[in-house]
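Quick notes on the structure that follows.
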Amino acid sequence: MPSPAAENPIDLSCLPSVDEMLGEEMTVSMISELGRDRVVAMVRGLIGEKRDAILSGRENLPKGPAVRQAITNELTEKLGAARSTELVAGVRRVINATGVVIHTNLGRAPLSERAVRAMVDAAGYASIEYDLEKGSRGARGPKAVSLLKLLTGAEDVLAVNNCAAAALLVLSVFAKEREVIVSRGELVEIGGDFRIPDILTHSGAVLREVGTTNRTHLRDYEKALSARTAMILKVHPSNFRITGFTKTPGTAELAELAHRNDVLFYEDAGSGAMLDLGSFGIKDEPVIRNLIADGADLVSFSGDKLLGGPQSGIIAGRSELIQRLRRDPFYRALRLDKTITAALEATLEAYALESAGQEVPVLRMLAVSEDEVAARSGRFIEKLRGVLKKNADLQAELNQSQSAVGGGASPDSVIGTTVIELTHSQLTDTELERRLRKSVKTPVITRIEAGKVLIDLRTVAESEENEIVDALEIIASG
Ligand SMILES: *Cc1c(COP(=O)(O)O)cnc(C)c1O
């Protein structure tokens with residue numbers, strides 16, 4: 001018996017060939033924009049999808065003499081849409097109007113002008129590992145090391161790709177196949193898949209949990225100590241808080257206990273606060289210098305959270321321990337790139353010059369007072385109303401709200417702010433949010449609260465305000 005397909009064969013000769021599609025006018029200009037191989041792959045993909053849709057019966061074959069032309073037109077239109085997507089793909093500058101200062105999805109800390117200049121300067125050949133005095137090979141990024149030693153008070157410092165890499169390196173070098181004592185209240189997951197138990201497992205260390213979720217006493221650590229113990233680890237719970245009936249020993253107590261028992265004390269501080277940021281509304285964020293002074297052997301923290309620099313993970317501590325980390329082959333796989341090293345050095349230089357509060361964007365944004373944001377928002381809304389004139393579809397009002405620190409800072413750390421609330425009589429909140437995000441020139445990222453699209457100028461540079469006004473004008477004019 002013939003199969004149904006053989007009985008009623010589907011004629012695929014109506015599909016254009018790849019070569020025919022490449023001859024279309026639009027495809028020719030696409031090749032100059034995107035390159036031949038990419039366009040060929042896109043065309044193949046679209047023809048393949050069409051073939052599958054027809055063969056599976058999901059789509060009926062159009063009838064009539066001009067079938068082939070109709071399909072070619074349809075595929076060309078789809079290719080046009082794919083072209084628009086492709087032309088704006090990749091990492092692009094965006095305007096962060098969310099009010100979340102350290103926004104992990106938007107690249108955390110925006111760099112200072114000094115750091116950007118240093119990065120560009122280092123992009124060509126650069127003295128990353130070359131001693132210009134001696135004219136021979138030198139240490140890698142020694143300036144960042146000496147500035148960090150000065151700022152943290154540590155004997156020595158090592159910088160790697162991020163704080164997760166820092167933790168992995170420390171644990172694998174000092175605790176492989178040995179026990180690491182951690183409080184149950186600190187076995188946390190921090191945004192972006194960083195989970196303390198997983199990091200311990202991957203480093204080859206053995207997790208020894210002590211205490212309970214809400215309370216862990218010094219004696220719990222003490223009882224867990226044995227000949228198998230390599231270190232006591234304290235983890236800053238970052239964006240997670242247990243409140244109420246809680247207890248956990250401090251750095252000084254744990255360091256003292258560790259040293260009395262000849263084991264190491266390592267603290268993963270997460271966010272690298274160089275200064276006390278309490279006056280900015282940032283709650284219980286440890287200052288790295290204090291942890292070192294309290295006796296921590298090793299402390300790790302991110303370079304792109306409260307420090308306000310490029311993505312990096314910094315390990316500060318006792319010199320013989322840091323030297324062992326530096327000599328370990330694993331470090332070679334985690335070390336910083338030259339442009340990142342240059343940006344880190346420039347960020348740290350601002351701290352050394354005591355101008356970080358004005359220069360480092362994260363600190364500057366956190367320091368902006370509620371009154372200042374309110375005044376800027378008032379001026380912004382006047383500008384916007386002037387541009388919108390009599391167009392009543394888009395409405396903008398001021399309201400009180402809160403900015404967030406983000407980047408693993410305590411959820412209790414909130415900063416009062418003023419937001420511009422947008423509503424559109426013809427568009428839903430999600431559609432208005434989408435249109436701002438898809439703005440042709442620069443995507444504007446906002447947040448939605450109670451049916452309104454909010455713009456928080458705390459995280460928007462003054463030079464970006466006009467871009468937002470322009471984007472809203474385009475949306476308002478349909
Ligand atoms: C954020 C954080 C990390 C991870 O840091 P990355 O730089 O993102 O790798 C690790 N530990 C703590 C406590 C953190 O807050």
Side-chain angles (χ1 to χ4, degrees), residues 100-111 144 148 152 157-172 175 180 182-203 205 207 231-242 248 250-251 254 265-274 277 282-288 290-292 296 298-317 325 330-331 333-337 340-341 343-344 347-348 362 404-413:
V100 180
V101 177
I102 305 170
H103 197 305
T104 294
N105 304 144
L106 302 183
R108 289 199 185 155
L111 297 176
L148 278 163
T152 61
V157 171
L158 190 66
V160 290
N161 264 317
N162 48 39
C163 195
L168 207 50
L169 180 63
V170 168
L171 293 167
S172 74
V180 174
V182 192
S183 161
R184 288 198 168 85
E186 296 172 3
L187 294 175
V188 291
E189 171 177 316
I190 295 154
D193 307 323
F194 180 85
R195 304 179 114 191
I196 291 295
D198 294 350
I199 292 277
L200 272 152
T201 308
H202 277 278
S203 66
L207 170 61
M231 66 170 67
I232 294 175
L233 165 64
K234 183 173 174 64
V235 182
H236 185 60
S238 297
N239 50 0
F240 167 81
R241 282 294 178 279
I242 302 171
T248 176
T251 298
L254 288 173
F265 175 66
Y266 162 40
E267 182 154 348
D268 178 15
S271 220
M274 292 292 119
L277 300 174
I282 294 178
K283 300 243 173 66
D284 37 70
E285 204 51 69
V287 177
I288 304 301
N290 297 344
L291 303 181
I292 297 287
L298 292 164
V299 175
S300 60
F301 54 97
S302 295
D304 52 349
K305 290 181 180 170
L306 288 172
L307 179 66
Q311 182 193 300
S312 49
I314 292 147
I315 310 166
L325 295 173
F330 193 19
Y331 163 66
L334 304 174
R335 70 184 192 184
L336 288 186
D337 155 73
I340 301 287
T341 306
L344 182 60
T347 306
L348 295 167
V362 163
V405 181
S410 163
D412 302 335
S413 303

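Predicted model only: the values in this text are computed from it and were never measured. Start at 1 and go down the list; that is how both ligands and their atoms are numbered.
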Discussion item. Tell me whether Arg184 at atom CZ has more than 12 heavy atoms from other residues, nucleotides or ligands lying less than 6.0 Å away.
Written reply: yes
Give the numbers and elements of all ligand 1 atoms closer than 4.0 Å to a heavy atom of [X].
X      : answer
Ser302 : 5 (O), 6 (P), 7 (O)
His236 : 13 (C)
Arg108 : 6 (P), 7 (O), 8 (O)

Worksheet entry | Contact check, Lys305 vs ligand 1, heavy-atom distance below 4.0 Å | yes
Discussion item. Heavy-atom contact check, 4.0 Å cutoff: does Glu267 meet ligand 1?
Written reply: no
Worksheet entry | Residue part near ligand 1, for Glu285, under 4.0 Å between non-hydrogen atoms | neither
For the [atom1] atom of [X] and the [atom2] atom of [Y], what is their distance to the nearest 0.5 Å?
X      : Y      : atom1 : atom2 : answer
Ile199 : Leu207 : CD1   : CG    : 12.5 Å
Ile190 : Arg195 : CD1   : CZ    : 11.5 Å
Ile196 : Glu186 : CD1   : CD    : 8.5 Å

Write out the residue and atom name of the closest protein heavy atom to [atom], then the distance separating them to 0.1 Å.
atom                    : result
atom 15 (O) of ligand 1 : Ser238 OG, 2.5 Å
atom 5 (O) of ligand 1  : Cys163 CB, 3.0 Å
atom 9 (O) of ligand 1  : Ala164 N, 2.8 Å

Worksheet entry | Polar proximity ligand 1 side, Ile190 side, N/O cut 3.5 Å exclusive | no
Fill in: Closest contact, heavy atoms only, Val235 versus Val188
CG1-CG2, 4.2 Å
Discussion item. Give me the atom names and distance for the closest heavy-atom approach of Ala269 to Pro286.
Written reply: CB-CG, 4.4 Å
Practice prompt. Check whether any side-chain N or O of Ser183 sits under 3.5 Å from a backbone N or O of Gly185 as a donor-acceptor pair, and report yes or no.
Written response: yes
Item to complete: Determine whether Val160 and Leu168 make a side-chain contact, defined as any pair of heavy atoms from C-beta on separated by less than 4.5 Å.
Response: no
Worksheet entry | Among Asp268, Ile199, Asn161, closest by any non-hydrogen atom to atom 11 (N) of ligand 1 | Asp268
